2 protein chains.
Amino acid sequence: MPQAKYFELSDARREGFFNISEAAEASGVSAKMIRHYEEIGLVPKAGRTVAGYRIYRDADVHVLRFIRRSRDLGFTMKEIAGLLGLWQDKRRASADVKRLAAKHMADLDARIAELQGMRRTLEHLVHCCHGDGRPDCPILDDLAGAARA
Amino acid sequence: MPQAKYFELSDARREGFFNISEAAEASGVSAKMIRHYEEIGLVPKAGRTVAGYRIYRDADVHVLRFIRRSRDLGFTMKEIAGLLGLWQDKRRASADVKRLAAKHMADLDARIAELQGMRRTLEHLVHCCHGDGRPDCPILDDLAGAARA
DNA sequence: CTCCACCTTCCCACCATGGGAAGGTCAAGC
DNA sequence: GCTTGACCTTCCCATGGTGGGAAGGTGGAG
């Protein structure tokens with residue numbers, strides 16, 4: 001991100017800078033989240049106009065796009081910080097990237113399995129339920145632990 | 001939950017009451033969460049000893065167990081409030097229960113599908129990655145959007 | 001009486017993504 | 001030049017569910 005080159009916004013635009021909503025549009029990351037990511041240090045502090053407006057270069061937008069894609073794949077902010085570090089390190093080993101991605105994949109697998117377990121139980125209960133005006137209900141019986149009696 | 005019958009804890013115990021850690025142990029809901037559920041109104045206010053300790057009956061523990069089971073199946077607190085209402089309504093229609101459970105099941109399906117999409121993409125990327133000391137990495141290329149160029 | 005494990009309330013934290021208030025800025029249109 | 005509405009800024013709070021921990025009180029075994 002530009003360090004501290006102060007411009008009027010129109011000057012900045014002429015030099016190829018974007019303001020925050022343009023960066024948000026171009027990257028898919030909301031303006032709110034761009035500010036948040038700057039605050040938590042995920043991205044460097046943006047340059048500013050004399051009015052205090054944030055200004056961004058193509059490269060900055062590219063970083064935001066990286067974050068967007070990473071978020072869409074479910075990586076946590078912490079993991080994304082690690083990925084950004086690797087991306088920007090020309091001496092990185094792809095093994096480190098692979099390890100991080102594989103761990104994330106394992107986490108996803110665990111969560112999927114958990115949700116599928118819930119789904120299976122619910123499918124069974126919903127199937128057993130008449131779903132009419134009567135009060136007897138196997139779903140509630142299960143929740144109340146009657147099935148265990 | 002008992003309304004306002006004040007006892008010394010030992011007296012309460014003799015009458016069949018449990019204190020909060022006993023209720024937590026018996027229900028699987030932590031003491032912290034029992035207090036929280038009372039605070040948000042999911043469960044009625046507990047009776048107290050003269051010292052201010054919460055005391056619970058078997059029926060109260062049963063409600064907590066119901067909540068535990070519902071949480072384990074991934075129902076939200078709001079949904080659980082609804083389920084509790086239905087459970088305690090002898091005039092309920094099982095159709096209402098079934099509807100609530102089916103909606104929750106659909107939500108689970110959507111979330112599972114989402115996570116599986118992520119997993120699929122990651123599986124492909126991890127597979128393509130050499131995972132050695134070299135810097136070139138298809139995972140980072142994807143995140144950076146190179147695959148889209 | 002001592003002491004340790006419990007109880008209480010209260011405040012904060014986590015994670016990621018917002019909403020909205022209050023006040024300032026920009027630029028098109030008149 | 002002025003107006004106005006869409007933008008910008010910072011700040012504070014919220015969401016959903018589950019905690020951690022501080023400060024101070026209680027219970028009961030030894």
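Quantities reported herein were computed from a predicted structural model and do not represent experimental measurements.
For residues 19-50 of chain B, no pair satisfies ring-ring contact (aromatic ring centres under 6.0 Å, His included), with sequence neighbours left out.
Note on A:R71: only backbone sugar-phosphate atoms sit closer than 4.0 angstrom, heavy atoms only; bases stay farther off. A:F75 comes within 4.0 angstrom of no nucleic acid atom, judged by non-hydrogen atoms across all strands.
Atom OH of B:Y37 is separated from atom C1' of D:dG19 by 11 Å (rounded to the nearest Å). Whole-Å rounding puts the A:E22 CD to D:dC7 P distance at 11 Å. Between A:K32 atom NZ and D:dT15 atom P there is a gap of 15 Å when expressed in whole angstrom units. Rounded to a whole Å, the CG atom of B:L9 is 19 Å from the P atom of D:dG25. One atom, CG of B:D107, and another, C1' of D:dG16, lie 14 Å apart when rounded to the nearest Å. The distance between atom CD1 of B:I34 and atom P of D:dG19, rounded to the nearest whole Å, is 11 Å.
Classified by interplanar angle (parallel below 30°, tilted 30° to 60°, perpendicular above 60°), the ring pair B:H62/B:W87 is perpendicular.
Comparing atom distances between the B:Y53 side chain and each of D:dG20, D:dG19, D:dG25 picks out D:dG25 as nearest.
Protein chain B touches strand DNA chain C; the 5'-most and 3'-most nucleotides with an atom under 4.0 angstrom of its non-hydrogen atoms are C:dC6 to C:dC10.
The 12-atom threshold is exceeded at CD of B:Q88, counting heavy atoms of other residues, nucleotides or ligands nearer than 6.0 Å.
Taking the charged nitrogens against the carboxylate oxygens, B:D107 and B:K103 do have a contact shorter than 4.0 Å, which makes a salt bridge.
For D:dG16, the base has no donor-acceptor partner in the side chain of B:K78 [N/O atoms by modelled type, under 3.5 angstrom].
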